[in-house]
Structures are given as C-alpha cells and as structure tokens.
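These notes concern the structure reproduced below.
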Amino acid sequence: MSGFMSILKRDLHLAIRQGMDNMMVVMFFVLAVVLFPFGVGPEPNILARIAAGVIWVAALLASMLSLERLFQTDYEDGSLELLTLSPIALEVIVLAKITAHWLTTGLPLIVAAPLLAVLLNMNTEGFPMLILALVLGTPSLSLIGAVGAALILGSRRGGVLLALLILPLYIPVLIFGVSAVDAVIGGFESKAQLLILSAFLMGALPLCPWAAAAGVRQAIE
Amino acid sequence: MLHRFANPTRFLRIATLVQPWMAWSTILLAGAGLYLGLLSSPADYQQGESVRIMYVHVPAAWMAMFCYTGMAVSAGVGLIWKHPLADIAAKATAPVGACFTFLALFTGALWGKPMWGTWWVWDARLTSMLVLLFLYLGYIALANAFDDPSRGTRASSILVLVGFVNVPIIKFSVDWWNTLHQPASVIKMDGPSIDASMLWPLLLMAVAFNTYYLWVLLIRIRAEIVANKIRILRLKQVHG
C-alpha cells in the first residue's frame with residue numbers, strides 16, 4: 001500500500017509541477033464540445049438532443065489524448081525500468097499510475113462537464129446523471145487506456161496507434177454512459193445502465209492493470 | 001503433442017503434404033455449396049432470391065469469429081510457452097480474419113438494403129462486428145509498428161487477448177439485445193430452425209470457408225517462416 005501511495009504521490013507531484021499540461025486536456029475537452037454548435041447549428045433542441053453524446057465523446061477523446069504520456073516519459077528516461085525492478089508488484093505500480101492519470105484528467109473533465117452541458121442546453125434533469133455516469137465511466141476509460149499505453153511503448157507513431165487500439169474498446173462505456181443520461185432525460189429508469197457501467201469498472205479494475213503490467217514487462221524485456 | 005508440431009521443420013513437412021488437400025477440398029466444397037446455394041436451393045418465401053446472400057454472409061461471419069478465437073488461442077500459447085510457430089500463426093491469421101469480417105459486413109449491407117431498406121443500422125450485432133474489424137486492424141497495425149518484429153508480436157498478442165471480450169458479445173448480442181439482426185437459427189439447443197434444403201448448402205459453404213482459411217493460413221505461415229530465414233541469413237551476412 002505504501003508503495004502504491006508513493007508512486008501515486010510522485011505522479012501527482014510531477015503533474016502539478018508541469019501545471020499547464022493537465023489544463024490543456026480540459027481545454028481540448030471544452031474546445032471540442034464548443035465546435036459542435038458551429039458544426040450542427042445552434043438550434044437549442046438539436047443541441048439538447050445530442051448534448052450527452054457530444055460530452056461523452058469529447059471526454060473520451062480528451063482522456064485518450066493524455067494517455068500516450070502515461071508510461072512514455074518514464075519509459076524514455078529509464079525510470080520505468082527501475083520501477084519494474086522494485087519489490088512492489090508491477091500491477092500495483094501500474095494501478096497507481098492509472099489512478100494518478102484519472103485524478104489529473106478524469107476528475108477535471110467531470111468538473112468541466114456540467115458547464116458544457118449548460119452550453120449545449122442539456123435538460124437540467126440529466127445533470128446529476130451525467131456526472132454520476134462520468135464518475136463511473138471515466139475510471140474505466142483510464143484503465144482500458146493504460147493497456148493501450150503500455151502496448152505502444154517504443155513503437156513508431158505511438159499516438160495514432162493508441163487511438164486505433166483503444167477507441168474500439170471504449171465503445172461499450174460510451175454506449176451505456178450516454179444511454180444512462182438519455183434515459184433520465186426521457187423520464188425512464190437508468191439503473192440498468194449504471195449497473196452495467198459499474199460492472200465494466202469492476203471488471204476493468206483487476207484485469208486492466210494486469211494486462212497493462214504484462215504490456216510494460218514485454219516492453220522492458 | 002503441441003511441442004511435437006511446434007518444430008518448424010516438421011511443421012513445414014506436414015504443411016506441404018496437407019496444403020493440396022485443403023486446396024482441393026476448398027474448390028470442391030465451395031463448388032458444390034455454390035451450386036446448391038445459388039442454383040438448386042429454393043428461394044425464400046419472404047426474402048425471395050436475396051436469401052442466397054446468406055450462403056456467403058453467414059460462413060464469413062462465422063469465420064470472422066473463428067479466426068479471432070484462433071488468434072487468441074495462438075497468442076496465448078505464444079505468450080505462455082513462447083512457441084514461435086504460434087506467434088506466426090496468430091500473425092498470419094489476422095489479415096484473413098479481417099477480410100472475412102469485412103466480407104460479412106459487406107454482404108450484410110447488400111442484403112440489408114432490399115430487406116431492411118437500409119445499408120446499415122446501429123444494432124448490437126452489426127456494431128460488435130464493426131468493432132471486431134477495428135480490433136483486427138488494430139492488431140495488424142500494432143504488430144507492424146515496431147522496428148524489432150518480436151516486440152510487435154508480443155505486444156499484439158496481449159492486445160488480441162484483451163480484445164477477445166468482444167467475441168462472446170458478438171455471439172450473444174442477438175440474445176441480449178432486441179436487435180434488427182435475426183437471432184441464431186443454426187447453432188441452437190433444440191436443433192437448427194432452417195430447412196434442410198437451405199441448411200446443406202450453408203454447411204457446405206461453412207466447411208469450404210474453413211478449408212480455405214486453413215489453405216491460406218498454411219501458405220502464409222510457410223511464407224513467414226521463409227521470410228524469417230531470409231532475415232536471419234541477411235543478418236548473418238551483415239555481421240559476418
């Protein structure tokens with residue numbers, strides 16, 4: 001546990017000292033969403049209809065944007081190699097890094113989401129559900145993304161490749177995240193969607209660090 | 001058993017023997033299946049002649065899932081026991097599987113236009129097949145993204161195993177969700193609910209697709225082994 005905490009602290013320190021880098025992810029998120037009213041036209045009804053989907057897609061792309069750096073910088077300066085040599089299980093280290101990634105990108109996105117929902121004229125009944133769905137969904141995105149981030153270490157054109165690898169795997173989270181919000185706005189129960197989102201998280205929590213650690217190991221070998 | 005056939009030299013000897021058999025059975029079975037399916041089987045009372053698209057569509061979709069499962073097994077064997085042949089088999093299967101997936105999606109669209117009135121709907125079966133195509137493409141991209149080919153093999157093996165979650169989703173998507181795509185009618189607990197006159201050509205085509213896959217797989221594995229040999233010889237020349 002102390003190993004987990006020290007890795008988490010280290011990554012958070014690094015993120016805070018780099019300051020603007022994490023803000024850029026949120027700025028990308030805001031800008032990507034703001035493009036939609038220009039693209040589909042500013043009619044409030046259309047925007048309200050697509051708001052949940054647009055926010056989810058933009059959040060997904062934004063969280064993917066910063067994933068490439070998750071292991072890459074440590075891989076390049078050699079500290080990843082030292083981390084794998086440490087007595088702490090690599091899975092725990094990977095989980096700590098994923099947690100740091102979620103705290104520095106997932107959490108700011110969740111904070112920014114209601115503001116964007118206002119801009120897109122989303123029905124206010126959907127706001128709590130949007131936040132709840134993002135709280136359940138974005139950790140899964142970080143977890144799944146970490147597997148991709150580990151696999152592309154040392155490859156040519158890592159960033160584009162990362163998108164190709166993990167966007168297909170993001171689709172289930174996106175489907176249920178959006179449909180949870182749409183169900184509430186439409187006046188239906190959304191318990192089933194929330195349960196499925198939680199199930200994704202519960203499944204990804206043990207499996208993804210394991211797969212990502214395997215990915216890191218084969219990159220270091 | 002596994003270790004016996006994992007020896008590339010022995011594999012090559014067997015492959016040379018088996019390959020013409022696969023080629024001939026593909027030609028004969030596909031010929032018979034196409035004749036029965038396109039000419040001698042009845043048209044459907046609802047779908048008319050366009051039911052014949054099924055004789056290509058369904059085997060292609062089966063093979064798409066079969067190839068991915070085969071890749072996952074090979075990748076697992078390659079990762080655990082480090083058999084070079086298993087890695088080569090996984091790598092050789094990927095483009096074939098991607099083609100089957102594309103064929104299934106393409107023929108499905110051709111069938112969907114007259115039957116459903118649309119080329120494409122976003123229902124669970126179609127979407128999960130599309131995801132399968134992306135998984136194949138992602139695998140191929142990752143396997144070729146490294147300067148050191150063995151790195152690409154290992155990384156992409158892990159990816160295949162992660163992506164395997166999609167295969168049961170495809171299989172059961174028509175049962176779990178209320179889809180426009182019809183539910184299973186051949187592989188069911190209480191026997192197939194499809195008439196024998198249509199089942200036979202379908203099964204013949206399915207076996208033909210399978211032997212075709214094995215035929216192409218053998219060619220591709222042999223080519224890959226030869227390519228590896230050439231690479232090693234080149235390296236030897238360079239390093240003296």
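Note on naming: letters A, B, ... go to the chains in the order of the sequence lines (proteins, then strands), and numbering restarts at 1 for each one.
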Can you pull out the residues in residues 136-166 of chain B with any heavy atom less than 4.5 Å from chain A?
->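 Counting heavy atoms that sit under 4.5 Å from chain A, the residues of residues 136-166 of chain B involved are B:Leu137, B:Gly138, B:Ala141, B:Leu142, B:Asn144, B:Ala145, B:Phe146, B:Asp147, B:Arg151, B:Arg154, B:Ala155, B:Ile158, B:Leu159, B:Val162, B:Gly163.
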Write out, in numerical order, the residues from residues 88-126 of chain B with a heavy atom short of 4.5 Å from a heavy atom in chain A.
-> none
In terms of heavy-atom pairs under 4.5 Å, which option from A:Val160, A:Leu153, A:Ile152, A:Leu167 contacts chain B the most?
->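 When all of A:Val160, A:Leu153, A:Ile152, A:Leu167 are compared, A:Leu153 has the most.
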Interface residue of largest heavy-atom contact number with chain B, from A:Ile171, A:Ile175, A:Leu151, A:Ile144, under 4.5 Å =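 So the answer, after comparing A:Ile171, A:Ile175, A:Leu151, A:Ile144, is A:Leu151.
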Atom pairs and distances, donor-acceptor, side-chain atoms in residues 41-49 of chain A, under 3.5 Å, two or more places apart:
none

Would you say [atom1] of [X] has more than 12 non-hydrogen atoms from neighbouring residues, nucleotides or ligands within 6.0 angstrom?
| X | atom1 | result |
| --- | --- | --- |
| B:Tyr212 | OH | no |
| A:Arg69 | CZ | no |
| B:Tyr55 | OH | yes |

Do any of residues 205-219 of chain A have a heavy atom less than 4.5 Å from a heavy atom of chain B, and if so, which, in residue order?
-> A:Ala211, A:Ala214, A:Gly215, A:Gln218, A:Ala219
How long is the span from the CG atom in A:Leu165 to the CG atom in B:Leu135, to the nearest 0.5 Å?
-> 9.5 Å
